[in-house]
There are 2 protein chains.
Amino acid sequence: MDKKSKSLSKNQKIVLDFIQKNKKPVKAYSILSNVQKKGINAPPQVYRALDKLIEIGKIHRVESQNSFVACKISNCDTPHKTVFSICNSCEIVSEINDPKLFKNLKDFRDKDGTVFDGYNLEFFGTCKSCKNKQIENTKH
Amino acid sequence: MDKKSKSLSKNQKIVLDFIQKNKKPVKAYSILSNVQKKGINAPPQVYRALDKLIEIGKIHRVESQNSFVACKISNCDTPHKTVFSICNSCEIVSEINDPKLFKNLKDFRDKDGTVFDGYNLEFFGTCKSCKNKQIENTKH
DNA sequence: GAGTATAGTGTTATAATATAACAAATTTTT
DNA sequence: AAAAATTTGTTATATTATAACACTATACTC
């Protein structure tokens, strides 16, 4: 148990818990309706928790979906350095953990030599399972 | 003059025109209020034009800002393969045109060997001009 | 060139996503 | 324990985006 998870507040824990239970990214209002039984009543309570969880790197925002997903990289302390693959068909999102790609991104400089604090990269394609289904469907 | 720009409809032209006039990305409702004098009255008219312009690669969506920016890469026929740098301070967005980075992204495969159709990469940092301002401010 | 398919338009209403503002309670620091 | 910082709870509202439907224009094909 690390420092960061110890210091989570009640609402932050509730929201993180719910996000971690889900394989797919979840939407803010879906979180809200699912945690209302736990005493979270209104959007700002959810959004505040989300902001904090993003800040400490426990979750990431999937920009192209307005959704939120738990960080899969253990001991992640690098919010805002994220790489995802997203299936165009089923919308499942996987966090990519590829050292070579990370290095390319970390080392990237623009023409001015600007060093970047962070990045977000989203790859779009068709996941294996969806591709197989498509092949099945064209078989006859 | 290429095929694609010839075939733009009236509303598509109006919206593209406005986006191209702006250095910074623009928001959908800002587009709307600025083109109302040209006869575009309601959000769906703007969003439809945006969808089409994105589809043909004339503009890109800046996911982290919910904003839209003209493609700066001449004869761009690759929608959904975008790299931007975004200043955290002034929110200015530049489209990055870096062949080596493009190659890395194009060649990337995930663990399953999935080939991706597209990607969106956003780098975050402080642009040169904002960095200089910050240094000025700490000088005394 | 008549018929039909495809894409675009205009409109109203509403859904989905996100934040402002403020008072009260809690936790952390000094 | 007082002061500071963070979190909470709440109401209201701002911002972003789409559904649905009737209609018009353009392109395609026989």
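A note on names: the letters A, B, ... follow the listed sequences, proteins ahead of strands, and every chain is numbered from 1. The analysis underlying the following values was restricted to heavy atoms, covering all of them including side chains, and did not include hydrogens, waters or symmetry mates.
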Seminar exercise, completed: To the nearest angstrom, the CG-P distance between B/Leu50 and C/dA7 comes to 19 Å
Side-chain donor-acceptor contacts of residues 20-30 of chain A below 3.5 Å, not counting sequence neighbours, with atom names and distances?
unit_1	atom_1	unit_2	atom_2	d
A/Asn22	ND2	A/Phe18	O	2.8
A/Lys24	NZ	A/Cys90	O	3.0
A/Lys27	NZ	A/Gln65	O	2.8

Exercise. Roughly, in whole Å, what's the span from CD1 in B/Ile31 to P in D/dT15?
Worked result: 16 Å
Exercise. Are B/Leu121 and B/Leu101 side-chain neighbours, meaning at least one heavy-atom pair lies under 4.5 Å?
Worked result: yes
Exercise. Just how far, in rounded Å, is C1' of C/dT27 from NZ of A/Lys13?
Worked result: 12 Å
For this session: Can you pull out how bent the helix from C/dG1-D/dC30 to C/dT30-D/dA1 is, comparing the axes over its first five and last five pairs, to 10°?
Result: 50°
Exercise. Pick from A/Leu105, A/Asn97, A/Asp98: which one makes a side-chain contact (heavy atoms from CB on, under 4.5 Å) with A/Val83?
Worked result: A/Leu105
Return all side-chain donor-acceptor pairs below 3.5 angstrom for residues 35-44 of chain B, not counting sequence neighbours, or 'none' if the list is empty.
unit_1	atom_1	unit_2	atom_2	d
B/Lys37	NZ	B/Asn34	O	3.4

Exercise. How are the rings of A/Phe123 and B/Tyr119 set to each other: parallel, tilted or perpendicular (split at 30° and 60°)?
Worked result: perpendicular
For this session: Please examine the side chains of A/Leu53 and A/Phe68, heavy atoms only from C-beta on, and report whether any two atoms are closer than 4.5 Å.
Result: no
Exercise. With under 30° as parallel and over 60° as perpendicular, where do the rings of A/Phe108 and A/Phe116 fit, or are they tilted in between?
Worked result: parallel
Exercise. Partners of B/Ser64 by side chain to side chain contact (heavy atoms under 4.5 Å, CB included), sequence neighbours excluded?
Worked result: A/Glu63, B/Val62, B/Ile86, B/Glu122, B/Phe124
For this session: Within residues 84-91 of chain A, find the residues that approach DNA chain D with a heavy atom at under 4.0 Å, and present them sorted by residue number.
Result: none
Exercise. Is there a side-chain contact between B/Val115 and B/Arg109 (heavy atoms, below 4.5 Å)?
Worked result: yes
For this session: For the residue pair B/Leu16 and B/Leu8, establish whether any side-chain heavy-atom pair is separated by less than 4.5 Å.
Result: yes
Exercise. Quick one: what's the B/S/- string for nucleotides 8-19 of chain C, heavy-atom cutoff under 4.0 Å, read 5' to 3'?
Worked result: SBBBB----BBB
